[in-house]
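To start, the structure itself, in structure tokens.
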Amino acid sequence: MEDNDTGNLLYEENIDTENRIIGIVDIGANFVKAHIAQKKEDRIFETIEDIKKPLAIGKDTFSIGRISNTVLLQLTKILKELKEIFTAYEVQETLVFASTAVKEAKNCDLVIERIKIATGLDIKLIETIEESFYKYQYMKRHDCYLRLFGNKSVLIFDIGSGGLSLMIAEGDKLKYACNLEIGSLRLRALLSNLERETLDFADILDEFIESKMHTISQEIKKYKIDFSIGLGGESKVIYNLIFKEEPPRDISNISKEKLLKFYSEIKDKTTINLIEDYNLIPPVANVLLPSTIIFKKILDMCMLKEVGIMGFSFRSAVANSILIGQDNMYEDDILSVSENIAEKYSRNISISKRMLRFATTIFDHTKDYHAMGKKEKLLLKVACVLHDVGKFVDVNDPGEHSYNIINSSKIPGLSLLDRDIIANSVRIYQKKNPDEKDCSFNCKTIQEKLTITKIAAILKLSNALDSSQKGKIQDILLDIQDHYLIFKAMTQDDILLEKWHFNNESVFFRRIFGLIPVLKVV
């Protein structure tokens with residue numbers, strides 16, 4: 001995997017976390033934030049220090065499209081200072097994340113390289129939805145969450161500087177996820193010219209946000225939302241200004257009445273007015289109005305009378321994830337969201353589940369031949385769930401459509417690279433007679449190409465075992481004898497179609513794994 005891929009964080013295997021001190025750096029649009037934490041006991045970690053340094057990276061990215069040399073030098077200086085602090089605390093592992101403000105800059109690659117040369121730090125790029133997913137997982141670990149919302153449908157939203165993430169959880173499973181490019185700072189930069197031309201900027205901003213949320217609101221209205229929770233710093237600031245106090249650690253509520261009253265107080269104020277009236281620093285004052293309007297829109301969209309907030313940070317959520325572990329929580333949510341995407345494109349989930357069962361059996365019995373791990377097994381499972389989404393567009397030639405749908409879908413817990421591996425695997429699997437060259441894509445390492453090829457080969461055999469899509473084969477047992485991989489199919493039906501398809505697909509599997517698949521009925 002590449003250095004800037006974050007997917008591996010969810011599946012670090014056999015790492016001793018006892019007494020480990022870690023440092024998390026979050027390079028945001030307005031601040032560079034750092035968190036030093038240590039595991040104390042089961043499910044508990046201690047914050048040693050939390051640091052925040054202002055730096056207007058997002059102002060550069062969202063206005064001129066690139067990070068200026070002046071800001072880059074300031075960022076480098078801050079990272080060097082944080083590195084010295086980490087050394088003083090004897091931090092054993094350092095992770096540096098950057099989201100939209102760095103990721104969308106035209107000179108992103110150059111910025112990452114110059115920081116690496118100057119500081120020795122590797123920056124991991126992360127999507128807005130990934131930040132929100134870490135926070136959601138952290139929230140799920142709070143006892144109060146399951147106690148209050150264990151049987152309810154909850155909309156979780158996270159307002160960032162570059163985007164708005166929306167997730168829907170039903171009970172302890174994530175069902176839906178999306179990301180809109182209407183982050184608070186992005187909106188300010190995008191509509192800055194209009195702000196200078198009108199006295200009704202709040203109304204213009206409201207209309208613009210409404211237009212951007214319209215399509216997604218139609219999808220969300222299909223769910224009966226019982227409650228909504230805002231995550232992150234923007235939520236915390238709004239609570240603090242309304243109640244004149246810091247929010248408690250657990251979930252805190254803001255009524256629609258209080259939110260609307262607050263909105264009426266700030267809607268006609270300039271950024272300078274907000275700084276003076278509420279004693280805010282400029283970066284916070286600048287994004288307060290768009291954040292409050294998004295809060296208001298969430299309440300209207302879900303027809304709710306109050307909204308909850310949990311204002312913990314992304315960096316503390318990452319620290320918790322690494323130090324506490326519990327990988328299985330991620331997999332359940334990833335597969336649940338994937339099933340929701342498949343259903344959106346009218347796919348039969350029962351067919352995908354049969355394919356998934358066959359695929360995991362093949363994966364487990366051929367470990368000595370494919371050398372893939374826990375992470376790759378998850379990618380295989382998601383590929384099974386989404387293996388035929390492209391048929392929604394074109395039944396006869398679904399490969400490219402499946403590739404585009406998977407790559408454009410937001411699946412929290414999977415990085416851009418993860419989704420691309422899955423999308424390429426599905427595209428290769430849907431080719432009639434693929435060869436090794438079909439798996440040689442641009443900008444892929446040898447390891448990634450091999451992973452794509454192996455997953456595609458397993459998908460082909462797994463699909464063949466249910467060619468009729470009638471579930472004729474109830475289960476399979478596998479046995480390896482010499483160079484033969486023997487499939488013992490448990491069935492009472494005629495599986496002539498499955499045998500024919502299996503024999504055709506076994507050619508590609510044999511090329512990749514060096515095993516000859518043989519299908520027998522028991």
Side-chain angles (χ1 to χ4, degrees), residues 1 5 7 177 331 334-360 362-363 370 372 375-445 447-467 469 501-502 504-509 511-513:
M1 298 287 181
D5 169 53
E331 183 168 309
I334 290 167
L335 292 175
S336 180
V337 171
S338 300
E339 288 177 5
N340 183 274
I341 294 169
E343 289 175 340
K344 177 181 176 180
Y345 291 98
S346 303
R347 299 299 91 202
N348 188 326
I349 295 300
S350 61
I351 293 173
S352 295
K353 285 184 175 180
R354 286 197 295 270
M355 186 171 171
L356 189 153
R357 190 172 73 251
F358 295 144
T360 52
I362 296 170
F363 184 98
H370 60 62
M372 292 189 288
K375 179 62 179 292
E376 289 74 23
K377 187 175 182 179
L378 172 65
L379 301 186
L380 171 65
K381 289 180 177 181
V382 176
C384 288
V385 175
L386 301 175
H387 75 282
D388 64 347
V389 288
K391 289 183 178 178
F392 181 81
V393 181
D394 187 343
V395 174
N396 296 314
D397 188 17
E400 286 300 318
H401 302 296
S402 294
Y403 174 85
N404 291 329
I405 288 170
I406 293 169
N407 256 329
S408 62
S409 297
K410 299 299 181 186
I411 307 176
L414 297 182
S415 66
L416 280 168
L417 177 58
D418 294 333
R419 293 204 308 271
D420 199 44
I421 288 173
I422 294 165
N424 276 305
S425 300
V426 170
R427 178 163 62 176
I428 295 303
Y429 139 76
Q430 287 173 338
K431 283 183 175 287
K432 289 183 179 178
N433 296 298
D435 57 36
E436 292 79 355
K437 288 184 179 180
D438 289 318
C439 306
S440 300
F441 305 110
N442 293 331
C443 302
K444 292 282 181 294
T445 65
Q447 189 59 50
E448 288 155 18
K449 292 174 187 175
L450 290 174
T451 299
I452 290 166
T453 312
K454 292 170 186 176
I455 291 176
I458 295 174
L459 289 175
K460 278 185 167 294
L461 277 192
S462 304
N463 180 59
L465 292 168
D466 191 30
S467 296
Q469 298 189 347
H501 195 181
F502 183 90
N504 288 339
E505 301 293 30
S506 66
V507 176
F508 184 64
F509 188 93
R511 285 185 198 150
I512 305 307
F513 293 104

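Listed by chain and number, the residues in a side chain to side chain contact (heavy atoms under 4.5 Å, CB included) with Asp394 are Asn396, Asp397, His401 (sequence neighbours excluded). Applying the salt bridge (Lys or Arg N to Asp or Glu O under 4.0 Å) test to Glu343 and every residue at least two apart in sequence or in another chain returns nothing.
Salt-bridge annotation for Glu331 and Lys381: present, with a side-chain N of the basic residue lying under 4.0 Å from a carboxylate O of the acidic one.
In this structure, the separation between CD1 on Ile341 and OG on Ser336 is 10.0 Å, given to the nearest 0.5 Å. Between Lys454 atom NZ and Ser425 atom OG the span is 11.5 Å, to the nearest 0.5 Å. Between atom CD1 of residue Ile428 and atom CD1 of residue Ile455 there is a gap of 12.0 Å, rounded to the nearest 0.5 Å.
Looking at Ser415 and Asp418, their side chains come closer than 4.5 Å, going by heavy atoms from C-beta outward.
Relative ring orientation between His370 and Phe363 is described as tilted, the plane-to-plane angle lying within the 30° to 60° band.
The residue from Ile421, Ile452, Ile334 that alone fulfils the side-chain contact (heavy atoms from CB on, under 4.5 Å) condition with Leu379 is Ile421. For the pairing with Tyr403, the side-chain contact (heavy atoms from CB on, under 4.5 Å) check across Val426, Val389, Ile422, Asp420 returns one residue only, Asp420.
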For residues 349-358, please give each side-chain donor-acceptor pair under 3.5 Å, one per line with the distance, not counting sequence neighbours.
from	atom 1	to	atom 2	distance (Å)
Ser350	OG	Asn348	OD1	2.4
Ser352	OG	Val385	O	3.3
Arg354	NE	Asp466	OD2	3.0
Arg354	NH2	Asp466	OD2	3.1
Arg354	NH2	Gln469	O	3.2
Arg357	NH2	Gln474	O	2.7

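Of the possible donor and acceptor atoms, one in the side chain of Asn404 sits under 3.5 Å from a partner among the backbone N and O of Glu400.
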